[in-house]
Amino acid sequence: MVLDIGKTRNRAFTLIEVLVVVVVIAILAAVVLPKFVNSGLRGKEAALRANLKLVRNAAEMFHNDCDAWPAALLDLTVSPAPANGKDDAGSAKAITAANWKGPYLSSIEKDPVSAADLTYSVAAGTVGKVNSSATGSDTAGVAYSAY
């Protein structure tokens, strides 16, 4: 039996073929990964918008029922009517228990972006305004304070 060494062929990938495949995978990853990197933050931003809408609606219902704004956000969650709220000038205003239809919320969620409490204003001119406590801008470039 005679072996012909010249006709045997190794069946493996060359270094060039492997490098081409690695480069193609790297290019695909560079295109796809940025779309998923900020998905956690975008989810927090969506939760923040929903939380703000919920709390603002509850504060508005409180105002419509009692003709006063809550003195603090926690007044939206209490079971008996709070004694006082705030008028549009930020002064204390007595609340008639018969007008109160609460609690308006079961709890006040924290700002999911900053992990701090939402801000609530009782200053004249901005009484009843609920805003995010986060600073800066979201992934679309909109300031959190503009939510």
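Just so we're clear, the structure is a prediction, and the values are computed from it rather than from any experiment.
- Separation of atoms CG (N51) and OG (S132) is listed at 10.0 Å; rounding is to 0.5 Å.
- Using a distance-only test at 3.5 Å, with no hydrogens or angles considered, no donor-acceptor pair links the side chain of N38 to the main chain of L41.
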Report all side-chain donor-acceptor pairs from residues 94-104 shorter than 3.5 Å, counting only partners two or more places apart or in another chain.
residue, atom, partner, partner atom, Å
K101, NZ, N99, O, 3.3
Y104, OH, D65, OD2, 2.7
Y104, OH, K101, N, 3.0

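- Tracing side-chain contacts under 4.5 Å through hydrophobic residues (I, L, V, M, F, W, Y), one reaches V142 starting from Y144; they form part of the same cluster.
- For S107, the side-chain hydrogen bond (donor to acceptor under 3.5 Å, both in side chains) test picks out E109, with sequence neighbours left out.
- Checked against salt bridge (Lys or Arg N to Asp or Glu O under 4.0 Å), K129 has no partners two or more places apart in sequence or in another chain.
- In this view, S79 satisfies the side-chain contact (heavy atoms from CB on, under 4.5 Å) rule with no residue, not counting sequence neighbours.
- Evaluation of the side-chain hydrogen bond (donor to acceptor under 3.5 Å, both in side chains) rule for T77 yields no partner, not counting sequence neighbours.
- Both L74 and L76 are part of a single hydrophobic cluster, where members link through side-chain heavy atoms under 4.5 Å apart.
- One distance of note links CG of L54 with CG of L105; it measures 5.0 Å at 0.5 Å rounding.
- Listed by chain and number, the residues in a side-chain hydrogen bond (donor to acceptor under 3.5 Å, both in side chains) with T126 are S121 (sequence neighbours excluded).
- By the salt bridge (Lys or Arg N to Asp or Glu O under 4.0 Å) test, D88 pairs with no residue at all, sequence neighbours left out.
- Going from atom CG of D87 over to atom CH2 of W69 covers 11.5 Å, rounded to the nearest 0.5 Å.
- Within the structure, salt bridge (charged side-chain N to carboxylate O under 4.0 Å, His left out) contacts touching residues 14-36 (residues at least two apart or in different chains) do not occur.
- Checked by atom type and distance alone, the side chain of N131 never pairs as donor or acceptor with a backbone atom of T119 at under 3.5 Å.
- Without hydrogens or angle criteria, E45 side chain to T139 main chain gives a donor-acceptor distance under 3.5 Å.
- Cluster partners of V37 are absent, since no Ile, Leu, Val, Met, Phe, Trp or Tyr has side-chain heavy atoms less than 4.5 Å from it.
- Every salt bridge (Lys or Arg N to Asp or Glu O under 4.0 Å) that K93 has, sequence neighbours left out, goes to D67.
- For the side-chain hydrogen bond (donor to acceptor under 3.5 Å, both in side chains) test, residues two or more places apart in sequence or in another chain that qualify with Y147 are R49, D138.
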For L118 and L52, what are the C-alpha separation, side-chain angles and deciding distance, and is it a side-chain contact (heavy atoms from CB on, under 4.5 Å)?
-> CA-CA 8 Å; L118 297 172; L52 285 171; 3.9 Å; yes
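- By the salt bridge (Lys or Arg N to Asp or Glu O under 4.0 Å) test, D117 pairs with K110, sequence neighbours left out.
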